[in-house]
Amino acid sequence: MAKGLIRIVLDILKPHEPTLPYFAKFLSEVNGVEGVNITLMEIDKETENIKVTMQGNDLNFEEITKAIEQYGGSIHSVDEVVAGKTMVEEVTTPQD
(Lines give C-alpha, C1' and ligand atoms only; values in the text may rest on other atoms or scores of the structure.)
Protein backbone atom coordinates (compact mmCIF):
# COMPACT_ATOMS: atom_id res chain seq x y z
CA MET A 1 0.00 0.00 0.00
CA ALA A 2 1.38 3.39 -1.00
CA LYS A 3 2.33 5.94 1.58
CA GLY A 4 4.26 9.20 1.53
CA LEU A 5 5.19 10.66 -1.85
CA ILE A 6 3.86 8.68 -4.81
CA ARG A 7 4.68 11.11 -7.65
CA ILE A 8 7.13 13.96 -8.02
CA VAL A 9 7.80 16.15 -11.07
CA LEU A 10 11.13 17.95 -11.17
CA ASP A 11 12.70 20.57 -13.44
CA ILE A 12 16.37 19.56 -13.66
CA LEU A 13 19.46 21.03 -15.29
CA LYS A 14 22.10 18.39 -16.12
CA PRO A 15 25.20 18.01 -18.27
CA HIS A 16 24.85 16.06 -21.55
CA GLU A 17 26.38 13.00 -19.90
CA PRO A 18 24.90 10.72 -18.80
CA THR A 19 22.56 10.34 -21.76
CA LEU A 20 18.83 10.47 -21.09
CA PRO A 21 18.22 6.70 -21.43
CA TYR A 22 21.05 5.96 -18.99
CA PHE A 23 19.90 8.71 -16.59
CA ALA A 24 16.31 7.39 -16.64
CA LYS A 25 17.49 3.84 -15.92
CA PHE A 26 19.75 5.09 -13.11
CA LEU A 27 16.91 7.06 -11.49
CA SER A 28 14.54 4.10 -11.82
CA GLU A 29 16.86 2.14 -9.54
CA VAL A 30 16.45 4.58 -6.62
CA ASN A 31 14.62 2.92 -3.73
CA GLY A 32 10.82 3.10 -4.06
CA VAL A 33 10.82 4.30 -7.67
CA GLU A 34 8.56 2.26 -9.94
CA GLY A 35 8.74 4.42 -13.05
CA VAL A 36 10.58 7.39 -14.55
CA ASN A 37 9.60 9.63 -17.45
CA ILE A 38 12.11 12.18 -18.79
CA THR A 39 11.24 14.89 -21.29
CA LEU A 40 13.93 17.06 -22.87
CA MET A 41 12.76 20.66 -22.59
CA GLU A 42 15.81 22.59 -23.81
CA ILE A 43 19.38 21.87 -24.83
CA ASP A 44 22.43 24.09 -25.18
CA LYS A 45 26.15 23.66 -25.72
CA GLU A 46 26.89 22.18 -22.27
CA THR A 47 23.60 21.32 -20.54
CA GLU A 48 20.12 19.89 -20.89
CA ASN A 49 17.00 21.14 -19.15
CA ILE A 50 14.74 18.17 -18.49
CA LYS A 51 11.40 17.46 -16.84
CA VAL A 52 11.54 14.28 -14.75
CA THR A 53 8.41 12.56 -13.50
CA MET A 54 8.98 9.81 -10.95
CA GLN A 55 6.30 7.56 -9.56
CA GLY A 56 6.40 4.88 -6.89
CA ASN A 57 5.66 4.06 -3.29
CA ASP A 58 7.06 6.27 -0.56
CA LEU A 59 9.55 8.17 -2.75
CA ASN A 60 12.50 9.53 -0.79
CA PHE A 61 13.13 13.11 -1.96
CA GLU A 62 16.56 13.28 -0.29
CA GLU A 63 17.71 10.06 -1.95
CA ILE A 64 16.40 11.26 -5.33
CA THR A 65 18.23 14.59 -4.90
CA LYS A 66 21.50 12.82 -4.07
CA ALA A 67 21.16 10.57 -7.13
CA ILE A 68 20.59 13.57 -9.40
CA GLU A 69 23.55 15.45 -7.93
CA GLN A 70 25.77 12.36 -8.28
CA TYR A 71 25.68 12.92 -12.05
CA GLY A 72 26.12 16.70 -11.92
CA GLY A 73 22.44 17.57 -12.11
CA SER A 74 20.64 20.20 -10.08
CA ILE A 75 16.95 20.59 -9.28
CA HIS A 76 15.63 23.95 -10.47
CA SER A 77 12.12 23.43 -9.14
CA VAL A 78 9.67 20.91 -7.78
CA ASP A 79 6.74 21.30 -10.19
CA GLU A 80 4.29 18.72 -8.81
CA VAL A 81 4.03 16.45 -5.79
CA VAL A 82 1.42 13.78 -5.05
CA ALA A 83 1.27 12.11 -1.64
CA GLY A 84 -1.00 9.55 -0.03
CA LYS A 85 -2.56 6.26 -1.05
CA THR A 86 -4.03 7.28 -4.39
CA MET A 87 -3.29 9.58 -7.31
CA VAL A 88 -5.44 12.72 -7.36
CA GLU A 89 -5.60 14.40 -10.75
CA GLU A 90 -6.16 18.13 -11.08
CA VAL A 91 -9.60 19.18 -12.28
CA THR A 92 -10.71 22.26 -14.15
CA THR A 93 -13.29 24.42 -12.39
CA PRO A 94 -15.51 27.15 -13.87
CA GLN A 95 -13.16 29.75 -12.35
CA ASP A 96 -10.23 28.42 -14.41
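Within a 6.0 Å sphere centred on CD of Q70, other residues, nucleotides and ligands contribute more than 12 heavy atoms.
Here the closest non-hydrogen pair linking I50 and K14 is CD1-CD, 3.6 Å. Smallest separation of non-hydrogen atoms from I6 and K85: CD1-C, 4.4 Å. In plain terms, the two heavy atoms of A67 and V30 that are nearest each other are CB-CG2, 3.8 Å.
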Output, in order, the C-alpha distance, side-chain angles, deciding distance and verdict of side-chain contact (heavy atoms from CB on, under 4.5 Å) for V91 and E89. CA-CA 6 Å; V91 296; E89 300 298 333; 5.9 Å; no
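Look at E29 and K25 and you find a salt bridge, because one of the NZ, NE, NH1 or NH2 atoms lies within 4.0 Å of a carboxylate O, short of that distance.
Side-chain contact check for L10 versus I68: some heavy-atom pair is nearer than 4.5 Å. Between E48 and L20 the shortest side-chain heavy-atom distance falls below 4.5 Å. Between E34 and Q55 there is no side-chain heavy-atom pair separated by less than 4.5 Å. Here the side chains of H16 and I43 are in contact, with some heavy-atom distance below 4.5 Å.
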Would you tabulate the side-chain donor-acceptor contacts of residues 72-84 under 3.5 Å, counting partners in other chains and residues two or more places apart, or write 'none'?
| residue | atom | partner | partner atom | Å |
| --- | --- | --- | --- | --- |
| S77 | OG | D79 | OD1 | 2.6 |

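By the criterion of side-chain heavy atoms lying less than 4.5 angstrom apart, applied directly or through intervening Ile, Leu, Val, Met, Phe, Trp or Tyr residues, M41 is not grouped with V52; the two fall into different hydrophobic clusters. No path of Ile, Leu, Val, Met, Phe, Trp and Tyr side chains, each step under 4.5 Å between heavy atoms, connects I38 with L13, placing them in separate hydrophobic clusters. Hydrophobic cluster membership is shared by L40 and F26, with clusters built from Ile, Leu, Val, Met, Phe, Trp and Tyr side chains linked at under 4.5 angstrom.
Within the model, atoms OH of Y71 and CD1 of I12 stand 14.0 Å from one another, a figure rounded to the nearest 0.5 Å. Distance check: N49 CG to D11 CG gives 4.5 Å after rounding to the nearest 0.5 Å. A distance of 11.5 Å separates CG of N31 from CG of N57, quoted to the nearest 0.5 Å.
When each of V9, L5, I8 is tested with M54 by the rule side-chain contact (heavy atoms from CB on, under 4.5 Å), just one qualifies, namely I8.
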